[in-house]
2 protein chains.
Amino acid sequence: MVTINDIAKKAKVSKSTVSKVINNYSGVGDDTKEKVLKIMKENNYWPNSVARSLSTKKSYTIGIFGPQILNNFFFREVFEGIEAVMGDKGYDLLYFTNKQWDESWVDYSYKEKCENRNVDGVIMMGYGKVNIAQFDRLLKSDIPSVFIDLDLVGSNTSYVTSDNTGGARKAVEYLAELGHKKIAMIRGLNGFKVSTDRFVGFQQAIKALNLPYNSEWMFDGDYSMETGYQSMKRILNLDEKPTAVFAEDLIAIGAIKAIRQAGLNVPGDYSIIGFDSIEIGRHYHLTTIAQDQIGLGEAASKLLLNIINKKSFSPIILPTRLIIGETCRKV
Amino acid sequence: MVTINDIAKKAKVSKSTVSKVINNYSGVGDDTKEKVLKIMKENNYWPNSVARSLSTKKSYTIGIFGPQILNNFFFREVFEGIEAVMGDKGYDLLYFTNKQWDESWVDYSYKEKCENRNVDGVIMMGYGKVNIAQFDRLLKSDIPSVFIDLDLVGSNTSYVTSDNTGGARKAVEYLAELGHKKIAMIRGLNGFKVSTDRFVGFQQAIKALNLPYNSEWMFDGDYSMETGYQSMKRILNLDEKPTAVFAEDLIAIGAIKAIRQAGLNVPGDYSIIGFDSIEIGRHYHLTTIAQDQIGLGEAASKLLLNIINKKSFSPIILPTRLIIGETCRKV
DNA sequence: CTGTTAGCGCGTTCAA
DNA sequence: TTGAACGCGCTAACAG
């Protein structure tokens, strides 16, 4: 590896002069500057980020934490947005693997992991309310952090999320427009802000539109097709059945499977509306409330950059929009 | 941030003693060791990886390069396998964003990026033959590297891939068993090893089984539904039509769409067999040749660790297997 | 068994 | 305009 010393030697200047050239500081003669640049180029020299980070405390690295980032369709797209914005600004992404947390002698935590790697900031995704206590030290530290879909704020912390409440209202309103009155909802994990918000929006709309609310039509589970499948099977056995179901995309697809397996069809017998707009949903022509996943990643990145650069910042709520597919019908 | 000096001061020992404790070296008295450990724990101390990396040249970081890693269903699962193995061994993953490559003064390349970040090794995925020239300096360097689906080898380089040739043969053999004789193939990108290998396997099987080969039944494009859709539309217009189509999953799905749009059905009118077994394919009950994506990631990781640890290593070819869905029928 | 010293590659005073 | 000296946090000889 060619270092700043090699360059200094070859250019017959001191390394601090080379450093000034690297950082484009003033106070270097034009001719020496040119000479140094030439040598750097000839030797394919690039200053070592690690050493640089050690002395400047700035690494041009953004940490990413998340227990389910990669095996999740949703976050895959969020990641795409992060990569675009951060890459553009010259940052690389450090994905923290979920290795053993409790090392021998220390209560090792997010904060320490970030300090350990000198990341300039961190994006947290895939966490729910149950995890909040774990973030205590991180939030109290001066490490810039942005949460996705978890409303945590602090002097160096903010969050981005979609307008889940409004989106859920939109779903119910659309079903109501089509003439549906009896609407079921299958929720994802309870401890997650997105689920709660959507449930709130659902109830708001039910009340505002004077639709019947029946606790038998409310289900929860996790964010999986299985949850949708099992819940729908129970719906199919109810005495008083709903005519429409609102659920997150993956869950909605599970519900569709249960309906078809029972010899019924969508939207003939049941109207189904999703939430998320993950790619798989499009293969089912799912009517859904779309979030802007890539936009979430981009917004989180820009927000984090603002925190890092000491600019003003506040939480960002992205709008949702209705995508009409083929799984809802007029009744 | 609490440093080794803070600990040394509080424990009233020198920092080299602390260092020895950290690294669990021998030559430290039991009582001092215990005292130091206690202080470390009390202060939530964890040695800074960046500083450590600077002096040891070992960062416990694996670099990941790939132009299309995240916006690709296939590599998402490979990444999962990498995360599992590397996380288990205490490595974090540095995802290099694709920012501007040609900086002002240097022909900045993979090798320099790796040196720059002191990564212990690098996994390259999503590259084709067209990119090989770019890897020249990386291959000549002493940076351990493993390629996925690109057969590059060297003193510190190896690769993993699936048995694409054998898998393609398997696909043709299965179709032949079902009585198909006229088999079309729609290939993904030409410059990629996987496509070439599968084409070779396809031709081998055609020849071995004495099936007709018709250049009108051969198509190529990119790895997209659109390619499958357009190619299939052309197939539907041929005078002499095949009865079965072999194509990578996403392409196969596009072909299915074209068939259905023409008012025909699968497998009634055409049998379709895929390759990859991406999650979306399962929603179409696609018969396909499955690769083990997570296994690819795991194998790449283990291989890379072997190179890093100076153990013996050689390329790994993972087997494929036939998954029978509902898109092929006897004729 | 413990501490002193030097050095990893770079940025940053502060003199010259 | 330039360079010597020091420090970032840590490891690695080497003495004591």
Side-chain angles (χ1 to χ4, degrees), chain A residues 1-37 39-40 43-61 105-106 112-120 142, chain B residues 1-37 39-40 43-61 105-106 112-120 142:
Chain A
M1 187 167 95
V2 35
T3 74
I4 197 173
N5 283 310
D6 301 331
I7 302 298
K9 234 169 259 175
K10 293 190 185 187
K12 297 191 208 312
V13 295
S14 79
K15 64 177 186 177
S16 60
T17 299
V18 177
S19 177
K20 284 165 194 162
V21 173
I22 291 170
N23 295 289
N24 205 25
Y25 287 168
S26 61
V28 182
D30 284 350
D31 43 350
T32 45
K33 180 170 181 175
E34 200 173 330
K35 183 175 59 181
V36 171
L37 281 173
I39 308 268
M40 290 200 290
N43 292 274
N44 260 319
Y45 169 71
W46 194 266
N48 182 279
S49 294
V50 173
R52 208 173 198 175
S53 165
L54 190 61
S55 72
T56 61
K57 300 293 157 208
K58 171 98 184 156
S59 63
Y60 278 93
T61 306
W105 65 75
V106 67
E112 281 72 23
K113 283 227 185 193
C114 288
E115 288 180 344
N116 188 335
R117 293 286 190 180
N118 286 22
V119 300
D120 297 337
D142 52 5
Chain B
M1 187 167 97
V2 35
T3 74
I4 196 173
N5 283 311
D6 301 330
I7 302 298
K9 234 170 259 176
K10 294 190 186 191
K12 298 192 207 313
V13 295
S14 79
K15 64 177 187 177
S16 62
T17 301
V18 177
S19 177
K20 283 166 195 160
V21 174
I22 292 170
N23 294 290
N24 205 24
Y25 288 168
S26 60
V28 183
D30 284 349
D31 43 349
T32 47
K33 181 170 181 176
E34 200 174 331
K35 182 175 62 179
V36 170
L37 281 173
I39 307 267
M40 291 201 290
N43 291 273
N44 260 319
Y45 169 72
W46 195 266
N48 182 280
S49 294
V50 173
R52 208 172 198 176
S53 165
L54 189 61
S55 72
T56 60
K57 300 290 156 213
K58 170 100 183 153
S59 64
Y60 278 95
T61 305
W105 67 73
V106 67
E112 281 73 21
K113 285 227 184 193
C114 289
E115 289 181 342
N116 188 337
R117 294 284 189 180
N118 287 22
V119 299
D120 296 338
D142 52 6

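Proteins come first, then strands; the chains are lettered A, B, ... in the order of their sequence lines, and each starts at number 1. Everything quoted here is computed from the prediction, not taken from an experiment.
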Exercise. May I ask you to say what A/G29 touches in the nucleic acid, namely base, sugar-phosphate or nothing, with a heavy-atom cut-off under 4.0 Å?
Key: sugar-phosphate
Self-check item: Which residues share a side chain to side chain donor-acceptor pair (under 3.5 Å) with A/N48, sequence neighbours left out
Solution: B/N118
Quiz item: Roughly how far, to the nearest 0.5 Å, is CE of A/M40 from NZ of A/K10?
Solution: 13.5 Å
Quiz item: With A/S55, which residues qualify under side-chain contact (heavy atoms from CB on, under 4.5 Å), at least two apart?
Solution: none
Quiz item: Side chains of A/R52 and A/N23: donor-acceptor distance under 3.5 Å anywhere?
Solution: yes
Exercise. Determine to 10° how strongly the helix from C/dC1-D/dG16 to C/dA16-D/dT1 is bent, judged from the axes of its five-pair ends.
Key: 50°
Quiz item: Hey, what do you get for NZ (B/K15) to CG (B/D6), rounding to the nearest 0.5 Å?
Solution: 11.5 Å
Quiz item: With A/K58, which residues qualify under side-chain contact (heavy atoms from CB on, under 4.5 Å), at least two apart?
Solution: A/T56, A/Y60, A/Y91, A/D120, A/I308
Self-check item: Side chains of A/N44 and A/V2 in contact at under 4.5 Å (non-hydrogen atoms)
Solution: no
Quiz item: How far does CZ of B/R117 sit from OG of A/S59, to the nearest 0.5 angstrom?
Solution: 6.0 Å
Self-check item: nucleotides 5-16 of chain D: protein proximity per nucleotide (B base, S sugar-phosphate only, - neither; heavy atom, under 4.0 Å)
Solution: --BBBBBB----
Exercise. Tell me, with the steps shown, if A/K33 and A/N24 meet side-chain contact (heavy atoms from CB on, under 4.5 Å).
Key: CA-CA 9 Å; A/K33 180 170 181 175; A/N24 205 25; 2.9 Å; yes
Quiz item: Pick one: which of A/D31, A/I22, A/V13, A/V28 meets side chain to side chain contact (heavy atoms under 4.5 Å, CB included) with A/V36?
Solution: A/V13
Practice problem: Provide the start and end nucleotides, 5' to 3', of the part of DNA chain C that has atoms under 4.0 Å from heavy atoms of chain B. | Solution: C/dC1 to C/dG9
Quiz item: Under 4.0 angstrom, heavy atoms only, what part of the nucleic acid is B/S53 near: base, sugar-phosphate, or nothing?
Solution: nothing
Self-check item: Under 4.0 angstrom between A/T17 side-chain N/O and D/dG3 OP1 or OP2
Solution: yes
